[in-house]
Amino acid sequence: MFLPDRFVKGTCPRSKTEDQYGDACENCGATYTPNELIDPLSVLSGSTPIWRESEHYFFKLSEFDNRLRAWIKTAELHQNITSKLEEWFEAGLQDWDISRDAPYFGFRIPGTKDKYFYVWLDAPVGYLASFLHFCNLHEGINFDEYWTPDSDTEAYHFIGKDIVYFHTLFWPAVLEGSGLRTPTSVFAHGFLTVNGKKMSKSRGTFIKARTYADNLDPNCLRYYYAAKLGPSMEDIDLNFDDFVARVNADLVGKLVNIASRCAGFISKRFDGRLADSLDDSALFARFTDASGDIARHFEHREYSKAIRRIMALADDANRYIDEKKPWIMVKNDGQVEDVQLVCTQGLNMFRSLMIYLTPVIPSLAEKSRELFDESAWPWSAAESPLLATNIQKFKPLLTRIEQAQVEKMIEQSKEPDAPEKAPDDNDTISIDDFIKVDLRVARIEKAEPVEGADKLLQLTLDLGDEKRTVFAGIKAAYDPAALEGRLAVAVANLQPRKMRFGTSEGMVLASGPGGEDIFLLSVDDGAKPGMRVK
RNA sequence: GGUGAUGUAGCUCAGUUGGUCAGAGCGGCGGACUCAUAACCCGCAGGUCGGUGGUUCAAAUCCACCCAUCACCA
């Protein structure tokens, strides 16, 4: 295996300091190459590296110097990135070694036996491949319209700061060289830490999206990120105490509260009818005037600035309601009409803010839109108030996050750290992983079509000591009558899943691409329902 | 080792071109209110703006060096 400089340690050839990396000595500052080290050792295995000759393929990056410099200007890359790139241009672009000797993963280079493409040559090609796949699945989207050099569509890459290099030098050069268009720009962001530290499986801070979504509302996380994220490459921290406080204070306490404290009056006193004018149109104008600023912030990826602007307006709205005191006005016969005006004002301020926040908290915005009984919220809708129309009864849009929810999520995410050996890039699973799947022999007692479902059959399975109802998408391939009585293999410990037609309590194993080509797994004669498959 | 970035109140962060820039939100403390998911409103914050020098009439803001953290080094 080829060892990069920092994977070789040994004694410095100049100062004779032991345990130094293969590129420089920390003690005397000398720089050298790994082959100059005295007694070199592999950091990975501890053995002595040996010299081998190998033929390599190179990408002539040096040829792209001018074109890359030109592209970097048009892409208007963030200052963080350009200052980083300066370094490489100053040193002069070197040709890029794009081959690796076996054993390696990925794609073998055509015409060779044991040479493979370096991962960063083929990885970004996956962007094109997956987009082409998308085009094939969707009528009317033409790959060439997006990726030929004369394309007028915009293409952006959102990446992490660790791979700026590959996306701002190699990738544009590869695209140029292939006769394809280059990205409009590349946006790089920092890393996410959790509670100030790198994510850790053992601490329970390596949280999967699924685990998060099982415990908490995605809108909350989206809001929290937006509130902290800017266009730079700085890392951002997901601090759970801060997260809970911020979401509860901003989203629930301030924002949703505006609607909550106004909608009740409108429903109870005015049959859900909004007034036909605003109480304070100058105040509302402050909300509409913010539209341009907020849109600009979003476009420039200044999410945290957009959020700050929006929440400052939310404070204004709450302050307004507090000054007007509709709960006192409502007790004075002469002021009851004004309550409708004040609450209409409050609800419209809330409405504008929610329209602005739609890109950040889409499903919360959608629930809010339903309150106003509107069918769509284009950005421009925030500019004119909604008047003289009925609103729906207010339902809580978002509830406070409890610390316990977060703790539960962390608990569910805890697992021992992966062994520190090889990166486990391969797709193998351990025997323990396999054992988790409880496979059982099942007898199909009953099979019947499901009304309203084209593909499903409802199966009643006999698992020995219990009966299960399972919905299987095999209708096109099997006649229900022919299934009854036969043996199959079922997953017995699959989480029950609610479907439109009922709850499916397991899964029957089958093979094939789908449609009419589905083949149920069979069990040889003699097996009894309920037997474990292993 | 080289390069880039970051380091501002207990916490999370704003601070454009040097001079009301020493701030906001949360937490904390005090008060007011009760419409609202104990939410909202008002008041209170003694942080040498990582450290040390330097430039300047004036620096968190410019320069040098140092320390710490993150990333990259084809």
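Lettering of chains follows the sequences in order, A, B, ..., and the numbering in each one begins at 1.
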Worksheet item: Choosing from B:C35, B:A36, B:A71, which nucleotide comes nearest the side chain of A:Ser260?
Response: B:A36
Discussion item. Any side-chain N or O of A:Lys228 below 4.0 angstrom from OP1/OP2 of B:U12?
Written reply: no
Worksheet item: Are any of A:Arg319's side-chain N or O atoms less than 4.0 Å away from OP1 or OP2 of B:C42?
Response: yes
Item to complete: State which residue, out of A:Asp280, A:Asp279, A:Asp338, fulfils the salt bridge (charged side-chain N to carboxylate O under 4.0 Å, His left out) condition with A:Lys324.
Response: A:Asp279
Item to complete: Give A:Gly253 one of three labels, base, sugar-phosphate or nothing, depending on what nucleic acid heavy atoms sit under 4.0 Å from its own.
Response: sugar-phosphate
Discussion item. Using a heavy-atom cut-off of 4.0 Å across all strands, would you classify A:Phe265 as base, sugar-phosphate, or nothing?
Written reply: sugar-phosphate
Worksheet entry | Distance between P atoms of B:G54 and B:U69 (Å, rounded) | 28 Å
Worksheet item: Given the C1' atoms of B:G27 and B:G47, what is the spacing between them in whole Å?
Response: 16 Å
Discussion item. Counting the benzene-type ring for Trp, do A:Phe107 and A:Phe117 have ring centres under 6.0 Å apart?
Written reply: no
Worksheet item: What does B:U17 pair with, Watson-Crick or G-U, if both distances are under 3.5 Å?
Response: none
Fill in: Any A:Arg400 side-chain nitrogen or oxygen under 4.0 Å from OP1 or OP2 of B:A39
yes
Practice prompt. Using the P atom as the reference point in each nucleotide, state the distance between B:G50 and B:A39 in Å, no decimals.
Written response: 34 Å
Worksheet entry | Shortest side-chain distance from A:Val252, nucleotide among B:C41, B:A71, B:U37 | B:U37
Item to complete: Establish, yes or no, whether a centroid distance under 6.0 Å links the rings of A:Trp120 and A:Phe166.
Response: yes
Worksheet item: Once you round it to whole Å, what is the distance between P of B:C33 and CD1 of A:Ile328?
Response: 9 Å
Worksheet item: What is the nucleic acid contact for A:Leu169, judged by heavy atoms within less than 4.0 Å: base, sugar-phosphate only, or nothing?
Response: nothing
Practice prompt. Rounded off to whole Å, could you give me the CG-to-P distance for the A:Asp237 and B:U6 pair?
Written response: 17 Å
Worksheet item: Counting any heavy atom closer than 4.0 Å, what does A:Ile258 reach on the DNA or RNA strands: base, sugar-phosphate only, or nothing?
Response: nothing
Discussion item. For B:C40, give the paired nucleotide (Watson-Crick: N1-N3 plus N6-O4 or O6-N4; G-U: N1-O2 and O6-N3; both under 3.5 Å), or none.
Written reply: none
Worksheet item: Looking only at atom P, what distance separates B:U61 and B:A9, rounded to whole Å?
Response: 15 Å
Discussion item. What's the gap between B:G28 and B:A45 when it is taken at their C1' atoms, as a whole Å value?
Written reply: 10 Å
Item to complete: Provide, to the nearest angstrom, the distance between the CZ atom belonging to A:Phe64 and the P atom belonging to B:A74.
Response: 20 Å
Discussion item. Check this one for me: any side-chain N or O of A:Lys305 less than 4.0 Å away from OP1 or OP2 of B:A24?
Written reply: no
Practice prompt. Once you apply the 3.5 Å cut-off to both distances, tell me the Watson-Crick or G-U wobble partner of B:C72, or none.
Written response: B:G2
Worksheet item: Nearest of B:U12, B:A5, B:C41 to any side-chain atom of A:Arg246?
Response: B:U12
Fill in: Paired nucleotide for B:G7 [Watson-Crick or G-U wobble; both distances under 3.5 Å]
B:C67
Fill in: Nearest listed nucleotide, side chain of A:Phe394, among B:U37, B:A74, B:C70
B:U37
Discussion item. From C-beta outward on A:Trp96, which listed nucleotide comes closest to its side chain: B:C40, B:A74, B:C70?
Written reply: B:A74
Worksheet item: How long is the line joining NE2 of A:His189 and P of B:U6, in whole Å?
Response: 15 Å
Fill in: Whichever of A:Arg308 and A:Gly264 has its nearest RNA chain B nucleotide further upstream toward 5'
A:Arg308
Worksheet item: Taking the same atom, C1', in B:U56 and in B:G46, what whole-Å distance lies between them?
Response: 29 Å
Worksheet entry | A:Phe166 vs A:Glu302, nearer the 5' end of RNA chain B by closest nucleotide | A:Glu302
Discussion item. Considering every strand and a 4.0 Å limit on heavy-atom distances, what is the contact class for A:Phe170: base, sugar-phosphate, or nothing?
Written reply: base
Worksheet entry | Sugar-phosphate, base or nothing in reach of A:Pro396, heavy atoms under 4.0 Å | base
Worksheet entry | Atom-pair distance (CG on A:Leu255; C1' on B:C40), nearest Å | 13 Å
Discussion item. Whether the side chain of A:Thr211 engages the backbone of A:Met409 through a donor-acceptor N/O pair (distance < 3.5 Å, no angle test) should be reported.
Written reply: no
Worksheet item: Could you give the CG-to-C1' distance, from A:Asp235 to B:U12, as a whole number of Å?
Response: 15 Å
Discussion item. What contact category does A:Lys325 fall into here, base, sugar-phosphate, or nothing, at under 4.0 angstrom with non-hydrogen atoms?
Written reply: nothing
Fill in: Atom-to-atom span, CE of A:Met233 to C1' of B:U6 - whole angstrom
11 Å
Item to complete: For A:Asp315 and B:C40, give me the distance from atom CG to atom C1', rounded to whole Å.
Response: 10 Å
Practice prompt. Compute the ring centroids of A:His167 and A:Tyr127, then answer whether they are less than 6.0 Å apart.
Written response: yes
Discussion item. Using the side-chain heavy atoms of A:Trp327, tell me which of these nucleotides is nearest: B:C13, B:U37, B:U34.
Written reply: B:U34
Discussion item. Regarding A:Asn257, tell me which of base, sugar-phosphate or nothing describes its non-hydrogen contacts under 4.0 Å with the strands shown.
Written reply: base
Discussion item. Is it the case that the side chain of A:Tyr104 and the backbone of A:Val119 share a donor-acceptor pair, with hydrogens and angles ignored and the cut-off at 3.5 Å?
Written reply: yes
Discussion item. Students often get this wrong, so: under 4.0 angstrom with heavy atoms, is A:Val164 touching a base, only sugar-phosphate, or nothing?
Written reply: nothing
Discussion item. Applying the Watson-Crick and G-U wobble criteria at under 3.5 Å, what pairs with B:U55? Answer none if nothing qualifies.
Written reply: none
Discussion item. Among A:Glu55, A:His56, A:Lys115, which residue satisfies the side-chain hydrogen bond (donor to acceptor under 3.5 Å, both in side chains) criterion with A:Ser99?
Written reply: A:His56
Item to complete: Taking only the side-chain heavy atoms of A:Ala249 (C-beta and beyond), determine which of B:A36, B:C70, B:C26 contains the nearest atom.
Response: B:C26
Worksheet item: Looking at A:Tyr356 versus A:Trp379, is the centre-to-centre ring distance below 6.0 Å?
Response: yes
Discussion item. Using the P atom as the point on both nucleotides, what is the distance between B:G19 and B:C26, in whole Å?
Written reply: 28 Å
Item to complete: Searching all strands shown, indicate the nucleotide that pairs with B:A24 (Watson-Crick or G-U wobble; both distances under 3.5 Å).
Response: B:U12
Worksheet entry | Pairwise P distance, B:U6 and B:C42 [rounded to whole Å] | 34 Å
Practice prompt. For this output row, return yes or no: ring centroids of A:Phe170 and A:Phe59 closer than 6.0 angstrom.
Written response: no
